[in-house]
Amino acid sequence: MAVAVRGGRGGGGLGSGGVNAGLRSFFSYRVFLSAMFTLLFVATLSAILTTHPSASSQLPSSFHSGDAYMHRTFLAIKSDPLKTRLDLIYKQATDHMTLVNAYAAYARKLKLDISKQLKMFDDLAKNFSDLTTKPGYSFQGQDAVDEEVLRQFEKEVKEKVKVARSMIVESKESYDNQIKIQKLKDTIFAVNEQLGKAKKNGGIASSISAKSIPKSLHCLAMRLVEERIAHPENYTEQEPSPAIEDPSLYHYALFSDNVIAVSVVVRSVVMNAEEPWKHVFHVVTDRMNLAAMKVWFRMRPVEGGAHVEIKAVEDFPFLTSSYVPVLKQLESSGDATNIKFRNPKYMSMLNHLRFYLPELYPKLHKVLFLDDDVVVQKDLTGLWKIDLDGRVNGAVETCFGSFHRYSHYLNFSHPLIRDNFNSKACAWAFGMNIFDLDAWRREKCTDTYHHWQNLNENHSLWKLGTLPPGLITFYSKTKSLDKSWHVLGLGYNPGISMDEIRNAAVIHYNGNMKPWLDIAMNQYKHLWTKYIDGDMEFVQMCNFGL
């Protein structure tokens, strides 16, 4: 029994010992394999290192090779850490020297050999090259790198890298056409935006200024009316002079509500006339400015014996809305509420009186129409002697090239305009026009004007104003005058030649920059102000800036 028990234990012990022996054999085998691989790795590494014993202490003669850089980096595993740092410094210097040389080469291709930039790039590339071969920074053949020398070398490389980067940033735009083109596009776009805004703002401001009444003009009108009220006995109505209807004299038509402007026109004509007593001025104004206009010419009679007739629009009974299309349109419900149509520039009866000259002055044969923003510099009597060849209107043409043609003023997309007029016909100037009133009556021009003005009731045929209907009314009935009779643009064009102005018989401040406004162009203003009657007490009191 005891034997059996021992035998059983012995049998159990024997089985356990077999298992333990197996595990020990397995682990011994793994240890053996690990040891073998470790020895093999060490042997291989030793063989590699002993095959190139001097590699770790040698630097390539040139740092332009990427393979050399990789080789040094690998060898840095067993070398001094400073050598790894040295390799990085060499790499940084190499990259920037390559970039500098590239920009220098491109500069030469663009034939900029004499440029300052090219010289700077060449000098910088040479500095990089000289630095790497500098005796104090020769690291080849050294087992260890001197940290102090390396620090100084790194400092100098970084300074040159900084200079190189700065130069490249400054000059990159010069060599990169795409950047240059884009910058130009951006600049043009920005300038166009600013120009558009400036034009819009300037146009609005100029328009407001042109429509407004300056303080000085308001002051003058008020002073003249006060004078009329204070001394009514001095301003009683007088019998009209027979010269007013004498067709053998030189007659002018002038329609305005601006006292000082009318006085300048009349004074400039008279002062330059050879026979001023033969000149007759027909001034028509509105009811509000009638008294002021009469007081002015009573206080300051025209020199040289010239004659002045002053009337209001209301003094002509035929000018009613039933006869005059403009008045009818102005009184219609659609236009009466629209401030644009009430603007004197567009719908004022004073502006449209020019289309009724034969009816205003039935006994006259010829009339010279003048705007109130002109200055006369020469004797104008020669205009009455011009043969108009049976035509109604004598005017200076304003077209040149494709500018100021009929297409600029009339709506040629409308069949009525397209079928009756030539879009390339040359436009002419309103402001100084010699009219043959007999030819006007014969051609029934006022009826023509009424016909087209009625057709344009909805403003679809032309823009508002008097020139478009004038071009229509006197189409093929206008004789072109020599340009020296009438020079335009002094109210908007600063580039008119002073020689051209001096040679002109009449200069015209058409545009928004009228000579009596603060926005007038200074180079032209003196040509107008010299005809202002500066001795007139109210002119001095109202401060016209003389």
Side-chain angles (χ1 to χ4, degrees), residues 211-245 251-271 276-277 279-319 327 342 344 348-353 356 360-361 370-375 514-517 528-546:
K211 295 172 189 174
S212 63
I213 300 176
K215 230 182 238 185
S216 53
L217 281 180
H218 182 71
C219 167
L220 180 61
M222 293 301 294
R223 294 285 184 182
L224 291 168
V225 172
E226 286 175 2
E227 170 67 18
R228 172 71 175 79
I229 295 171
H231 306 284
E233 68 280 1
N234 296 335
Y235 304 101
T236 57
E237 292 295 328
Q238 297 177 341
E239 287 294 322
S241 168
I244 299 300
E245 295 182 341
H251 292 265
Y252 300 81
L254 185 57
F255 311 136
S256 173
D257 58 0
N258 187 326
V259 177
I260 196 71
V262 170
S263 72
V264 166
V265 175
V266 172
R267 201 158 188 257
S268 65
V269 171
V270 172
M271 290 178 67
W277 59 89
H279 295 260
V280 182
F281 298 90
H282 301 272
V283 179
V284 181
T285 186
D286 53 24
R287 180 64 69 184
M288 186 171 63
N289 290 281
L290 181 62
M293 203 78 75
K294 285 186 174 182
V295 171
W296 174 279
F297 285 102
R298 189 69 67 85
M299 291 182 69
R300 310 298 294 179
V302 182
E303 301 173 1
H307 310 277
V308 178
E309 176 197 43
I310 302 171
K311 286 190 174 184
V313 175
E314 293 78 7
D315 293 332
F316 300 94
F318 72 90
L319 296 173
L327 288 177
R342 296 202 305 272
S348 167
M349 196 57 228
L350 281 176
N351 255 12
H352 287 262
L353 275 181
Y356 300 95
L360 293 173
Y361 311 109
L370 293 177
D371 264 340
D372 64 356
D373 55 354
V374 306
V375 169
K514 302 300 184 187
W516 53 83
L517 298 175
W528 182 82
T529 55
K530 73 178 183 179
Y531 289 106
I532 291 180
D533 189 350
D535 296 331
M536 207 278 188
E537 56 182 305
F538 295 152
V539 170
Q540 297 173 0
M541 292 171 64
C542 292
N543 187 23
F544 273 87
L546 301 178

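Treat the numbers as computed from the prediction; the structure is a model and nothing was measured.
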Measuring only between side-chain heavy atoms, which start at C-beta, is [X] closer than 4.5 Å to [Y]?
X: Y356; Y: F316; answer: no
X: M299; Y: Y235; answer: yes
X: V283; Y: F255; answer: no
X: D373; Y: W528; answer: no
X: V539; Y: D533; answer: no
X: L517; Y: P214; answer: yes
X: V225; Y: V295; answer: no
X: L360; Y: F318; answer: yes

How many angstroms lie between [atom1] in [X] and [atom2] in [Y], if you round to the nearest 0.5 Å?
X: M541; Y: S216; atom1: CE; atom2: OG; answer: 13.5 Å
X: W296; Y: F538; atom1: CH2; atom2: CZ; answer: 10.0 Å
X: R300; Y: E537; atom1: CZ; atom2: CD; answer: 8.5 Å
X: C542; Y: M222; atom1: SG; atom2: CE; answer: 10.5 Å
X: D535; Y: Q540; atom1: CG; atom2: CD; answer: 6.5 Å
X: L220; Y: S263; atom1: CG; atom2: OG; answer: 8.0 Å

Worksheet entry | salt bridge (Lys or Arg N to Asp or Glu O under 4.0 Å) involving E233 - partner list, sequence neighbours excluded |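 Applying salt bridge (Lys or Arg N to Asp or Glu O under 4.0 Å) to E233 gives none.
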What closest approach, in Å, do [X] and [Y] show between heavy atoms, and which atom pair accounts for it?
X: V313; Y: L350; value: CG2-CD2, 3.6 Å
X: A292; Y: A221; value: CB-O, 4.0 Å
X: S241; Y: H307; value: OG-ND1, 3.9 Å
X: L254; Y: L370; value: CD1-O, 3.1 Å
X: L353; Y: L319; value: CD2-CD1, 3.4 Å
X: W516; Y: A261; value: CZ3-CB, 3.7 Å

Item to complete: Using distance alone, with no hydrogens and no angle criterion, decide if Y361 and E245 have a side-chain donor and acceptor under 3.5 Å apart.
Response: no
Worksheet item: Taking 4.0 angstrom as the limit, do E237 and K294 come out as a salt bridge?
Response: yes
Fill in: For T285, side chain to side chain contact (heavy atoms under 4.5 Å, CB included) partners two or more places apart
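Side chain to side chain contact (heavy atoms under 4.5 Å, CB included) check on T285 returns D257, N289, L290, M293.
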Worksheet item: Checking D371 side chain against V374 main chain: does a donor-acceptor pair fall under 3.5 Å?
Response: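 Such a contact is absent between D371 side chain and V374 backbone.
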Worksheet item: Taking the side chain from R298 and the backbone from T236, do they hold a donor-acceptor pair closer than 3.5 Å?
Response: yes
Worksheet entry | Any residue meeting side-chain hydrogen bond (donor to acceptor under 3.5 Å, both in side chains) with H282, in chain and number order, not counting sequence neighbours | H251, E309
